[in-house]
Amino acid sequence: MLVLAINILIMAWASQEFIMEQSKPALQDDSPQFAVICNEPGNDWISLRQGIDRAAEEYGVAVEYIVSAFSGSEADADSIYMAVESRVAGIAIFQTFGHTGQAIAYAKEKGIPVVTMVNDETDSEYDIFVGINDDLFGQYLLEAVQGVGKRIRNVGLIYNKEINPERSEAVEAVLRQEYDLQVVSRTSSYIFDTSETMKELTMNSKDLEVICCVDDNTTQGVAQTVVDWNMVNKLHIVGTGDSENVLSMVEKGIISATIVTDYERIGSKAIETLYDAYRDESGIYEPVDKCLYVVTQETLDTYVKEREHEA
């Protein structure tokens with residue numbers, strides 16, 4: 001395992017295909033250095049970084065960002081091995097590729113705590129999860145669907161099985177208790193090919209009233225398809241995310257509601273948790289409080305103003 005990790009480190013440094021940046025808070029000589037990993041950065045990553053940078057300055061720690069270091073199913077695990085061999089004091093990872101249980105166990109063996117942000121690593125008993133409980137997310141989505149109308153019976157669910165399948169399963173379980181549910185999974189993460197998934201879903205159920213999506217790109221793709229099919233106000237969409245496109249479609253009434261996660265708060269909490277673990281304080285880590293919001297056409301202005309104020 002050690003030889004593998006060292007080889008990974010050498011290959012990564014030799015290829016120089018990744019970005020490694022260091023935050024620059026006012027540091028003391030004994031300040032810990034943490035590695036923060038993301039191999040597929042997107043809009044969520046920008047907000048996470050804002051929270052991480054703020055907390056790094058508050059706690060006086062150095063943060064090295066390892067961004068897009070590797071690709072493929074072992075990308076996240078390889079990044080953890082590389083960080084361990086760099087002898088950092090702690091690791092936080094926004095996991096996007098494959099499973100990292102063995103890599104996290106290796107970090108634990110070396111005395112390095114690992115925080116998983118947003119998405120939990122279900123194959124590991126050693127990581128410290130900082131994010132949203134999947135069952136709670138399901139309850140928020142259910143409330144959003146209920147807000148569309150009291151007589152809703154036929155609901156569709158589209159999810160990307162490569163992105164947080166545990167969350168999708170939790171959402172499915174909650175919705176099945178209340179509605180006649182049709183479920184379709186997609187393997188692509190692209191927006192433009194969502195229409196094919198929509199065709200599959202509507203062929204299975206011609207009486208659909210609401211379509212739920214549990215990732216940002218699927219939400220945008222479904223909304224665009226509903227517009228193209230001239231089905232606005234006939235097919236309601238409950239989606240995920242607060243990208244410009246999603247919020248614009250909420251404003252226009254194309255998307256009925258979107259579930260928004262406060263990634264900045266999660267990033268801040270991740271550094272706070274790593275700092276406590278590094279100092280070996282309580283060993284008891286509380287879940288992140290109040291990180292989910294339901295944004296509708298009626299609440300959009302308030303949400304945007306609060307977000308701009310926090311920024």
Taking atom types as modelled and ignoring hydrogens, do the side chains of [X] and [Y] form a donor-acceptor contact shorter than 3.5 angstrom?
X    : Y    : answer
D135 : Q139 : no
T116 : D127 : yes
T218 : D215 : yes
E74  : Y81  : no
E121 : Q95  : yes
D242 : Y303 : yes

Could you check whether any side-chain N or O of [X] sits under 3.5 Å from a backbone N or O of [Y], counting only pairs where one atom can act as donor and the other as acceptor?
X    : Y    : answer
S268 : A55  : no
N39  : T96  : no
T261 : Y263 : no
S248 : E244 : no
T219 : T240 : yes
S256 : V238 : no
Q182 : L201 : no

Is the closest basic N to carboxylate O distance between E172 and R176 below 4.0 Å?
-> yes
Do NZ/NE/NH1/NH2 and the carboxylate oxygens of E264 and R54 come within less than 4.0 Å?
-> yes
A side-chain contact here means heavy atoms from C-beta on lying under 4.5 Å apart; do [X] and [Y] qualify?
X    : Y    : value
I80  : I91  : yes
V145 : C212 : yes
F34  : V88  : no
D53  : V63  : no

Quick check: closest heavy atoms across [X] and [Y], and the distance to 0.1 Å?
X    : Y    : result
I66  : A35  : CD1-CB, 4.1 Å
L48  : G267 : CD2-N, 3.5 Å
A270 : V115 : CB-CG1, 4.0 Å
A277 : I128 : CB-CD1, 4.1 Å
I259 : A144 : CD1-CB, 3.9 Å

[X]-[Y] co-clustered via ILVMFWY side chain contacts under 4.5 Å:
X    : Y    : answer
V214 : L181 : yes
V294 : I266 : yes
I46  : Y293 : no
V227 : L208 : yes

Identify whether NZ of Lys or CZ of Arg in R49 sits under 6.0 Å from the centre of the six-membered ring of Y65 and within 45° of that ring's axis.
-> yes
Check whether more than 12 heavy atoms from other residues, nucleotides or ligands sit under 6.0 Å from atom CG of D228, and answer yes or no.
-> yes
Count the heavy atoms of every other residue, nucleotide or ligand shown that sit under 6.0 Å from CD of E251, and state whether that count exceeds 12.
-> no
Using a 3.5 Å cut-off and no angle test, enumerate the donor-acceptor pairs between side-chain atoms of residues 147-155 and protein atoms at least two apart in sequence or in another chain.
unit_1, atom_1, unit_2, atom_2, d
R153, NH1, E178, O, 3.1
R153, NH2, E178, O, 2.9
N154, ND2, D207, O, 3.4

Stepwise side chain to side chain donor-acceptor pair (under 3.5 Å) test for E85 and Y106 | CA-CA 10 Å; E85 297 311 317; Y106 181 68; 2.6 Å; yes
